[in-house]
Asks: 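Attaching a single structure in structure tokens format; questions to follow.
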Amino acid sequence: MSQTQSQVSTWRGSSRAQAKAGGGLFQLVFRLGPYELARKGLDLTTVDLGDAAVAGKDIDLPQFDGRELLLTSVPDRESLASICKGGDALVYPFYRYDRCWVTTEGDFETYLASFSKTSRKGLRRRVRHLTSVSGGELDIRHFADADEMGVYYADARAVSAKTFQEKLMDDGLPAGQDFIEEMTSHARHGRCYGSILYLDDKPISYLHCEKRGSGWLAVYGGFDPAYAKLSPGTVHLLSILERSFDDRLCAFFDFGPGRSDYKQSFATDAVPSSDILLLRKTGLNHLLVRTHKALRKVTRWGGRVADRLQLKTLIRQKIRGR
């Protein structure tokens, strides 16, 4: 996608691979501004509550029984007291954002009409520009069959390796045979698809989606920063959203956990949410939480100073290769 997450300074990303697997080492990263100072691997069980929030279902909060948990996309309407119920946990809400999605009812043109006139003109200008550079037609290929996943994966990984998501947040398309086998199995059952935008037969943007109930979740995505001036992430996303509106079986397109400007811009709905750690009350865990909180506080203060000095835009453009 075309925007960095606002709190990349204190969080490694949305840990979506863990959310699918249900467990594993979560890397709690300690940063001061853009600089990584240290990281601590925590053996957690991950529970993603965003699917229920997006679908409008009641949230079934897990009970703390001594097993340390990472709860992602917990709606802010859930109180910390209810999260702690049934156990003695150290509760640390370490990341707040809106869980954003697009409800794909109606048609794509009506959806575009909901944008301001200036925004619509800007989006159409980007599409026209990249279409012109592409020789008059965008080359966007969708991969959904199990026997296509090998070709898709090779090209998607080639893009992912260059993205800021992978370089800065360890949140690129996973490498390794385990993921390829899982992805192929999902495709065989109609539960995932990949999409790649090509320019001169070279992949420059990818998006990996998985089925969630009656909609789709954007799990991984990014673009080659060498082509940032062509806005490939934005143009590609628009194509995916149009495809979602055309799919009568698709009720929503979920942008997943994490805060990004583009999610706020394209979403039709959002639920204020938090990612929360539930840890045992040990001396080490108390120290980890206090240290992480202190670094977040300093980073937020630095962010406010950067805003006043208009440095954030320059930093983001530098990250995206512009």
Side-chain angles (χ1 to χ4, degrees), residues 1-5 100-102 104 107-144 148 151-168 171-173 193-209 216 218-247 250 253-256 260-268 313-314 316-322:
M1 297 297 101
S2 60
Q3 307 289 343
T4 57
Q5 292 179 340
C100 298
W101 69 94
V102 175
T104 54
D107 59 74
F108 185 65
E109 288 303 319
T110 301
Y111 165 69
L112 285 181
S114 67
F115 289 77
S116 70
K117 184 177 180 180
T118 300
S119 295
R120 289 198 305 272
K121 288 178 64 176
L123 292 173
R124 286 170 175 151
R125 183 174 61 251
R126 293 178 185 183
V127 173
R128 285 197 304 268
H129 185 203
L130 185 50
T131 301
S132 176
V133 173
S134 300
E137 185 176 356
L138 293 175
D139 184 4
I140 299 177
R141 308 174 199 175
H142 302 288
F143 304 83
E148 298 176 328
V151 174
Y152 158 71
Y153 181 77
D155 285 351
R157 269 300 307 157
V159 178
S160 181
K162 303 172 184 177
T163 63
F164 74 81
Q165 286 93 340
E166 182 157 328
K167 291 183 176 181
L168 298 183
D171 196 29
L173 191 70
Y193 74 85
S195 180
I196 298 180
L197 168 63
Y198 294 84
L199 180 62
D200 297 328
D201 212 33
K202 178 180 180 180
I204 64 171
S205 175
Y206 86 98
L207 191 62
H208 186 83
C209 301
W216 292 95
V219 186
Y220 303 102
F223 66 89
D224 185 338
Y227 297 90
K229 291 183 178 180
L230 297 176
S231 303
T234 298
V235 174
H236 193 188
L237 177 59
L238 278 172
S239 172
I240 294 293
L241 290 175
E242 183 172 15
R243 185 173 188 262
S244 298
F245 273 92
D246 290 340
D247 181 357
C250 178
F253 187 88
D254 180 7
F255 293 117
S260 289
D261 293 342
Y262 82 91
K263 297 180 181 182
Q264 298 282 350
S265 298
F266 285 97
T268 60
T313 299
L314 294 176
R316 287 180 177 181
Q317 290 176 347
K318 180 70 173 177
I319 290 173
R320 299 174 202 142
R322 293 180 179 177

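Atom set for the values below is all heavy atoms of this structure, side chains included, hydrogens, waters and symmetry mates excluded. Computed from a prediction, not measured in an experiment: that's the story for all the values here.
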Asks: If I take atom NZ from residue Lys121 and atom CZ from residue Arg128, how far apart are they, to the nearest 0.5 angstrom?
Replies: 9.0 Å
Asks: Do the side chains of Phe223 and Val235 get nearer than 4.5 Å, heavy atoms only?
Replies: no
Asks: Show your working on salt bridge (charged side-chain N to carboxylate O under 4.0 Å, His left out) between Arg120 and Glu109 and close with a plain yes or no.
Replies: CA-CA 11 Å; Arg120 289 198 305 272; Glu109 288 303 319; over 6 Å; no
Asks: If you look at every heavy atom in Gly172 and Ser160, which pair is closest and at what distance?
Replies: CA-OG, 3.3 Å
Asks: Can you see which heavy atom on Ala156 is nearest to which on Leu173, and at what distance?
Replies: CB-CD2, 3.6 Å
Asks: Nearest heavy-atom pair of Pro232 and Ser205: which atoms, and what distance?
Replies: O-OG, 3.9 Å
Asks: For residues Tyr220 and Tyr206, determine if any side-chain heavy atom of one lies less than 4.5 Å from a side-chain heavy atom of the other.
Replies: yes
Asks: Grab the two heavy atoms, one from Leu207 and one from His236, that are nearest each other, plus how far apart they are.
Replies: N-CE1, 3.9 Å
Asks: Which value, rounded to the nearest 0.5 Å, describes the distance between Tyr198 atom OH and Ile204 atom CD1?
Replies: 11.0 Å
Asks: Between Tyr152 and Phe143, what is the ring plane arrangement, given parallel below 30°, perpendicular above 60°, and tilted in between?
Replies: tilted
Asks: Quick one: closest heavy-atom pair of Ser195 and Ile140, and the distance?
Replies: OG-CG2, 3.6 Å
Asks: Could you tell me how the ring of Phe255 sits relative to the ring of Tyr262: parallel (under 30°), tilted (30 to 60°) or perpendicular (over 60°)?
Replies: perpendicular
Asks: Measure the spacing between CG of Leu112 and CG of Leu241 and express it to the nearest 0.5 Å.
Replies: 9.0 Å
Asks: Judged by atom type as modelled, is there a donor-acceptor pair below 3.5 Å linking the side chain of Ser260 to the main-chain atoms of Lys263?
Replies: no
Asks: How about Lys202 and Asp224: do any of their side-chain heavy atoms sit closer than 4.5 Å?
Replies: yes
Asks: With the side chain counted from C-beta on, respond yes when Leu130 and Leu138 share a heavy-atom pair under 4.5 Å apart, and no when they do not.
Replies: yes
Asks: Is there side-chain contact between Pro203 and Val159, with heavy atoms separated by less than 4.5 Å?
Replies: yes
Asks: Just how far is it from atom CG of Leu237 to atom OG of Ser231, taken to the nearest 0.5 Å?
Replies: 12.0 Å
Asks: Between Asp201 and Arg141, is the closest basic N to carboxylate O distance under 4.0 Å?
Replies: yes
Asks: Apply the test side chain to side chain contact (heavy atoms under 4.5 Å, CB included) to residues Ile240 and Trp216: give CA-CA distance (whole Å), side-chain angles for both, the deciding distance (0.1 Å), then the verdict.
Replies: CA-CA 11 Å; Ile240 294 293; Trp216 292 95; over 6 Å; no
Asks: Mind checking the CZ-CG spacing from Phe266 to Asp261? Nearest 0.5 Å is all I need.
Replies: 11.5 Å
Asks: Let me confirm one number: the OG-CG distance from Ser134 to Asp200, rounded to the nearest 0.5 Å.
Replies: 7.5 Å
Asks: Quick one: sort the Phe115 and Tyr111 rings into parallel, tilted or perpendicular, breaks at 30° and 60°.
Replies: perpendicular
Asks: Looking at Glu148 and His142, what are the two nearest heavy atoms and their distance?
Replies: OE1-O, 4.2 Å
Asks: With side chains defined as the heavy atoms from C-beta onward, is the minimum distance between Phe245 and Val102 less than 4.5 Å?
Replies: yes
